[in-house]
Amino acid sequence: LTLERARTLVAEHVREPHLLVHALAVSAAMGRMAAHFGQDEAYWQAVGYLHDVDFERYPDAHLAHVRELLEPEGIDEEVIRAVEAHGWGICSDVEPLSLMEKSLFTVDELTGIVQATALMRPAGIADLGVSSVMKKFKDKRFAAKCDREVIRKGCAMLGMEVSEVAGLCIEGMRGFMEELGIG
């Protein structure tokens, strides 16, 4: 799976601008997570971009149709499983096991808090520090739809602190700040 292929597949199923921005944010964060773990950045970015491919079409059955959308496209089991695992305990019973799966599970929610924090700042993400994100992370009313418990659980699975993963998300997303609208 390449990022170009992921973008093509997502374009076939997703039209909502906010979902496309979210796909890019998660992709950017996944690239940085891959670099942190010494993994293939481009591949992890592609998986991150693809993760919500079924959400617009099946919002009430998110991840239940991923396999039927992706298998006929020749997408391999590792990618399908990672996509399914990012909703573990929410809308999927596929537990994240690999570093890629655990990272996707964690950054899916965390990128929302990072992005919302960046939107509140005059310079956006350009000078955003981890401490600002952590302050907003503690405020349950801020970006209230971002599930802090999922983030904590994901960080624990990775053996990392929330602040460390937040820093990686910031770094990854900073490289795409203009496209994300947070520059």
Side-chain angles (χ1 to χ4, degrees), residues 1-37 39-116 143 145-151 153-155 157-158 165-166 168-173 175-176 179-180:
L1 180 68
T2 64
L3 184 54
E4 182 180 327
R5 179 80 170 118
R7 285 179 183 263
T8 299
L9 288 168
V10 169
E12 291 173 15
H13 300 283
V14 180
R15 300 278 185 268
E16 293 289 331
H18 73 280
L19 293 176
L20 296 171
V21 168
H22 175 65
L24 181 59
V26 172
S27 175
M30 284 296 287
R32 186 61 189 92
M33 293 296 287
H36 175 78
F37 290 117
Q39 301 296 312
D40 184 336
E41 292 176 51
Y43 181 62
W44 282 35
Q45 281 182 318
V47 172
Y49 198 86
L50 191 63
H51 82 285
D52 276 347
V53 67
D54 73 329
F55 185 78
E56 186 174 316
R57 188 178 289 180
Y58 304 107
D60 297 325
H62 182 37
L63 303 180
H65 300 278
V66 166
R67 189 167 295 280
E68 69 191 51
L69 290 176
L70 298 181
E71 274 183 346
E73 298 291 341
I75 302 303
D76 65 46
E77 181 62 26
E78 181 180 45
V79 173
I80 293 171
R81 188 179 149 66
V83 170
E84 290 175 334
H86 93 270
W88 181 54
I90 304 162
C91 57
S92 165
D93 61 358
V94 178
E95 181 178 355
L97 300 175
S98 70
L99 282 174
M100 182 172 67
E101 292 168 357
K102 292 173 185 178
S103 294
L104 183 57
F105 176 79
T106 306
V107 305
D108 181 34
E109 296 290 316
L110 188 51
T111 56
I113 295 172
V114 171
Q115 188 167 4
K145 291 183 180 182
C146 298
D147 191 329
R148 272 82 168 156
E149 197 49 45
V150 166
I151 296 166
K153 186 186 292 186
C155 289
M157 288 190 297
L158 289 166
V165 180
L168 294 172
C169 287
I170 292 167
E171 291 171 17
M173 292 168 66
F176 297 88
E179 299 96 318
L180 292 170

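Keep in mind it's a predicted model, so treat the numbers as computed, not measured. These values consider heavy atoms only, across backbone and side chains, with no hydrogens, waters or symmetry-generated copies.
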> Which pairs count as side-chain hydrogen bond (donor to acceptor under 3.5 Å, both in side chains) when at least one residue sits in residues 103-112, sequence neighbours excluded?
Replying inline: His22-Asp108, His51-Asp108
>> Taking side-chain contact (heavy atoms from CB on, under 4.5 Å) as the definition, give me every residue that meets it alongside Ala34, ordered by chain and number, with sequence neighbours left out.
In response: Gln39, Glu41, Trp44
> From Thr2 OG1 over to Gln45 CD, what is the distance, rounded to the nearest 0.5 angstrom?
Replying inline: 11.0 Å
>> My understanding is that only residues two or more places apart in sequence, or in another chain, count here; which of them pass side-chain contact (heavy atoms from CB on, under 4.5 Å) with Ala28?
In response: Met173, Phe176
> In chain order, what residues pass the ring pair (Phe, Tyr, Trp, His ring centres under 6.0 Å) check against Tyr49, with sequence neighbours excluded?
Replying inline: none
> Hey, does the Lys NZ or Arg CZ of Lys102 hover above the aromatic six-ring of Trp88, less than 6.0 Å from the centre and inside 45° of the axis?
Replying inline: no
> Can you find a pair of side-chain heavy atoms, one from Leu50 and one from Leu70, that are under 4.5 Å apart?
Replying inline: yes
> What pair of heavy atoms forms the shortest contact from Ile113 to Ala143, and how long is it?
Replying inline: CG1-CB, 4.2 Å
> Listed by chain and number, what are the side-chain contact (heavy atoms from CB on, under 4.5 Å) partners of Ala42, not counting sequence neighbours?
Replying inline: Asp40
>> So does Gly87 get a backbone contact from the side chain of Ser92, meaning a donor-acceptor N/O pair under 3.5 Å?
In response: no
>> I want to check something: taking the side chain as every heavy atom from C-beta on, are Ile75 and Leu69 in contact at a cut-off of under 4.5 Å?
In response: no
>> Restricting to non-hydrogen atoms, name the atom on Leu1 and the atom on Arg5 that form the minimum distance, rounded to 0.1 Å.
In response: CD1-CG, 3.9 Å
> Does Val26 reach the side chain of Leu104, with side-chain heavy atoms less than 4.5 Å apart?
Replying inline: yes
> What are the two closest heavy atoms between Phe105 and His86, and how far apart are they?
Replying inline: CD1-O, 3.5 Å
> If you count the non-hydrogen atoms of other residues, nucleotides and ligands that lie under 6.0 Å from CD in Glu95, is the total more than 12?
Replying inline: yes
> Between His13 (side chain) and Val10 (backbone), is there a donor-acceptor pair under 3.5 Å?
Replying inline: no
>> Once salt bridge (Lys or Arg N to Asp or Glu O under 4.0 Å) is applied, what residue pairs with a partner in residues 17-27 remain, sequence neighbours excluded?
In response: none
> How about Ser27 and Leu3: do any of their side-chain heavy atoms sit closer than 4.5 Å?
Replying inline: yes
> Of all residues at least two apart in sequence or in a different chain, which pass the ring pair (Phe, Tyr, Trp, His ring centres under 6.0 Å) check with Tyr58?
Replying inline: His65
> With sequence neighbours excluded, what pairs up with Glu68 under the salt bridge (Lys or Arg N to Asp or Glu O under 4.0 Å) test?
Replying inline: none
>> Among residues at least two apart in sequence or on other chains, which ones pass ring pair (Phe, Tyr, Trp, His ring centres under 6.0 Å) with Tyr43?
In response: none
> Rounded to the nearest 0.5 Å, what separation is found between the CG atom of Leu9 and the CD atom of Glu4?
Replying inline: 11.0 Å
> What is the minimum heavy-atom distance between Cys169 and Val107, and which atoms define it?
Replying inline: SG-CG1, 3.7 Å
>> If I compare all heavy atoms of Ala46 with all of Ala6, which pair ends up nearest, and what's the gap?
In response: O-CB, 3.4 Å
> Say you draw a straight line from CG of Leu180 to CG of Leu24; how long is it, rounded to the nearest 0.5 Å?
Replying inline: 4.5 Å
>> Does anything in residues 45-60 form a salt bridge (Lys or Arg N to Asp or Glu O under 4.0 Å)? List the pairs, not counting sequence neighbours.
In response: none
> Quick one: salt bridge (Lys or Arg N to Asp or Glu O under 4.0 Å) pairs with a partner in residues 8-34, sequence neighbours left out?
Replying inline: Arg32-Glu171
> Going by heavy atoms in the side chains, are Gln115 and Val21 under 4.5 Å from each other?
Replying inline: yes
> What pairs meet the salt bridge (Lys or Arg N to Asp or Glu O under 4.0 Å) rule with one or both residues in residues 77-86, with sequence neighbours excluded?
Replying inline: Arg67-Glu77, Arg67-Glu84, Arg81-Glu101
